[in-house]
Amino acid sequence: MTRTASIAALIAASLTTAPIAFASDLTVNVEGIAQAQGSIMLGLFDEATYNGDGAVNGANLKVDGDSVSVTFEGLEPGEYAVRLYHDLNDDGEMNTNPFGMPTEPFAFSNDAKGRFGPAKWDAAKFSLSADGTTHTIKMN
Amino acid sequence: MDLSRRHFMEAGLGASLAGAVGVGFGLPASAETQNMPAWHLGYQNAPAGGFEPTPMKLVFGKAPSDLKGSLYRNGPSQLNYGDEYASHWFDGDGMIHRIAIEDGQAVHQARFVETRKRREEQAAQTFLAPGFGTLGDESYAVESPDDTNAANTSVLVVNGELLALWEAGSAFSMDAETLETKGPKTWRDDLKGMPFLAHPKVEPDGRVWNLAVGGPRVGIYRIGANGALEDFGMVNIGRAAYIHDWTMSERHLIILVQPWINETFIPPVVAGFEWQPQHGLQMLIVDKDDFSNQRWVQAPPRMFYHTGSAWEESDGTIKFDAAFYKEPVLGVDGGTAEIRGEWSGEYATEEGVLTLVEIPPQGDAKLIETALIGEFPQVDPRYRGKHRNLVALASGASTTRPGSTALAVHNWTSGESQSFEFGHSRMVEEFLFVPKQGGQSDLDSWLVGPVLNIKSGVREICVFDAAHVSDGPVCIWQADYAWPLGFHGTWA
């Protein structure tokens with residue numbers, strides 16, 4: 001019953017920003033947010049950081065409607081993935097029930113889903129081209 | 001057993017309808033079910049759209065005038081897609097039945113619980129979700145226990161809200177009139193997705209107690225008669241025992257830690273069980289007013305699914321009844337053969353034994369076995385947690401088919417048992433106590449429950465007088481169709 005508990009830990013630990021100056025811009029749209037409150041806590045990862053503690057970049061996005069958007073500028077073109085959760089009560093943590101299951105909504109890029117754990121890198125990764133990329137994640 | 005009554009049941013009632021109503025009537029007959037034995041009707045899929053409200057016909061006796069309410073029941077009702085069969089009885093999608101009884105009339109209706117598992121498997125017309133006996137399809141995402149929730153085990157009505165119960169995920173809220181699915185029940189925001197066992201204990205005043213089991217960690221729900229969560233606490237039971245049911249007295253919760261251990265609980269769950277009889281059956285007794293006030297009690301090793309209810313004597317001795325097995329049953333093969341229409345007769349030697357557990361104020365528990373075999377023990381809801389006389393069981397066994405053949409009642413006060421043997425033609429399920437109007441004890445109760453008439457291929461709802469079970473049914477309503485075997489119900 002604790003199989004997805006690690007999702008909370010991984011996302012929560014990931015939101016340290018480490019901007020690197022490169023040419024490409026990535027816009028991430030998050031749509032289908034059920035509750036207009038709190039913040040979307042979003043972490044951007046490359047393959048090296050996806051299963052670790054640090055993110056390539058991140059954003060805390062105030063929610064006042066059913067969507068939010070963020071643009072990361074100057075990224076190196078390549079493969080990335082997003083993990084996010086909706087911090088409904090703005091306590092800065094991904095809340096869990098007593099058995100460690102997330103009680104706040106979460107999502108991954110490509111709308112990837114996990115199976116007894118977070119979505120795998122191969123399912124969540126997408127390409128950021130040199131011309132820039134817009135990636136949309138639908139919460140549900 | 002009343003032979004003349006049984007003769008009627010077997011020859012009269014059955015034969016008169018056998019010609020008119022073929023086996024499989026009401027269920028979608030398919031090529032792969034046509035060569036099945038008659039009893040396999042209990043394992044065939046219910047219609048995907050459920051059953052619209054349909055009056056049942058009173059075919060025997062006179063309906064009690066004071067019997068008014070609804071029998072809600074739940075059970076796995078999708079056990080195959082074509083020639084692909086479920087790996088375990090516990091993995092079929094739950095269907096909620098309502099038999100509304102009033103003014104001598106009984107009306108049946110039913111709907112599947114629309115879980116995610118149900119929706120996606122219906123769309124794909126194949127099994128996808130992992131489960132108790134099922135590995136599941138690798139492509140099926142599982143991000144919470146409710147992604148595998150079959151909502152197929154029992155029902156609870158609290159403050160008018162109907163809930164479909166499973167044991168490893170949330171209860172599902174249903175419309176008590178239309179049986180439409182509303183969605184998973186969250187008792188409190190921080191408890192979203194917590195398991196809610198299929199055997200909540202309801203005090204006579206309507207307060208509900210239940211457990212959330214996650215390996216050795218067990219959560220305790222206390223829910224008011226108004227449906228609001230009053231308290232939630234955690235206790236540790238030391239090892240990852242399989243907990244399907246538990247019991248409760250007026251002052252204590254009694255958590256039975258049977259030596260049937262599953263450390264992983266990874267689908268297929270059944271593959272992770274280990275019988276460790278060296279631990280015996282241990283019981284954690286928890287004070288309802290202070291969850292930290294606990295006591296452990298030791299008993300000889302037993303496996304169980306179901307308890308009746310507990311009570312406390314004036315000297316502090318706790319007593320409860322349960323159907324105990326000497327070693328694990330059902331979990332291992334989960335009725336896999338029966339789902340496919342195969343029957344070896346092995347269950348005839350593996351019946352549960354109605355057992356009284358006596359827990360003295362100090363020292364080990366004592367087990368007192370009766371001569372009664374059976375399952376689905378039930379007590380009068382007015383006496384849950386309190387001293388009472390009766391426990392009812394689906395009893396009897398057949399050498400030619402799975403399932404019970406009789407309804408039995410044991411009186412702990414007199415030490416006497418009564419039973420009514422339906423014979424091979426009826427598969428007997430759980431019977432519930434319904435208090436008679438103005439009754440003074442649990443002897444003043446009706447027993448209401450379903451049987452599957454495999455001779456005529458139809459369903460029947462039977463009513464007995466709890467004090468005179470061996471006299472046979474007081475009345476029987478019959479549907480002109482069948483629905484699959486189920487697990488548990490409630491009366492509301």
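Each chain gets a letter, A, B and so on, in the order the sequences are listed, and its residues count up from 1. Predicted model only: the values in this text are computed from it and were never measured. The figures that follow rest on heavy atoms only: side chains count, while hydrogens, waters and symmetry mates do not.
In this structure, no portion of B/Asp146 lies under 4.5 Å from any heavy atom of chain A. Neither the backbone nor the side chain of A/Ala123 has a heavy atom closer than 4.5 Å to any heavy atom of chain B. Of the atoms belonging to B/Met194, heavy atoms from both backbone and side chain fall under 4.5 Å from chain A.
More than 12 heavy atoms of other residues, nucleotides or ligands lie within 6.0 Å of NZ in B/Lys182, so this atom counts as buried by the packing criterion. For NZ of A/Lys113, the number of neighbouring non-hydrogen atoms (other residues, nucleotides, ligands) closer than 6.0 Å is greater than 12. Counting heavy atoms of neighbouring residues, nucleotides and ligands inside a 6.0 Å radius, atom CG of B/Asp290 exceeds 12 of them.
Residues B/Pro195 and A/Phe99 form a side-chain contact, since some pair of their non-hydrogen atoms from C-beta on lies under 4.5 Å apart. Contact annotation: the side chain of A/Met101 approaches that of B/Pro145 to within less than 4.5 Å [non-hydrogen atoms, C-beta and beyond].
With sequence neighbours left out, the side-chain contact (heavy atoms from CB on, under 4.5 Å) criterion links A/Asp122 to A/Lys125.
Here B/Asp137 contributes atom CG and A/Arg115 contributes atom CZ; the two are 7.5 Å apart, rounded to the nearest 0.5 Å. Taken from CG in B/Asp189 to CD in A/Glu104, the straight-line distance is 9.5 Å, to the nearest 0.5 Å.
Scanning all heavy atoms of the two residues, the minimum distance from B/Asp190 to A/Pro98 falls at O-CD, 3.6 Å. Nearest heavy atoms, A/Gly114 versus B/Glu143: N-OE2, 3.2 Å.
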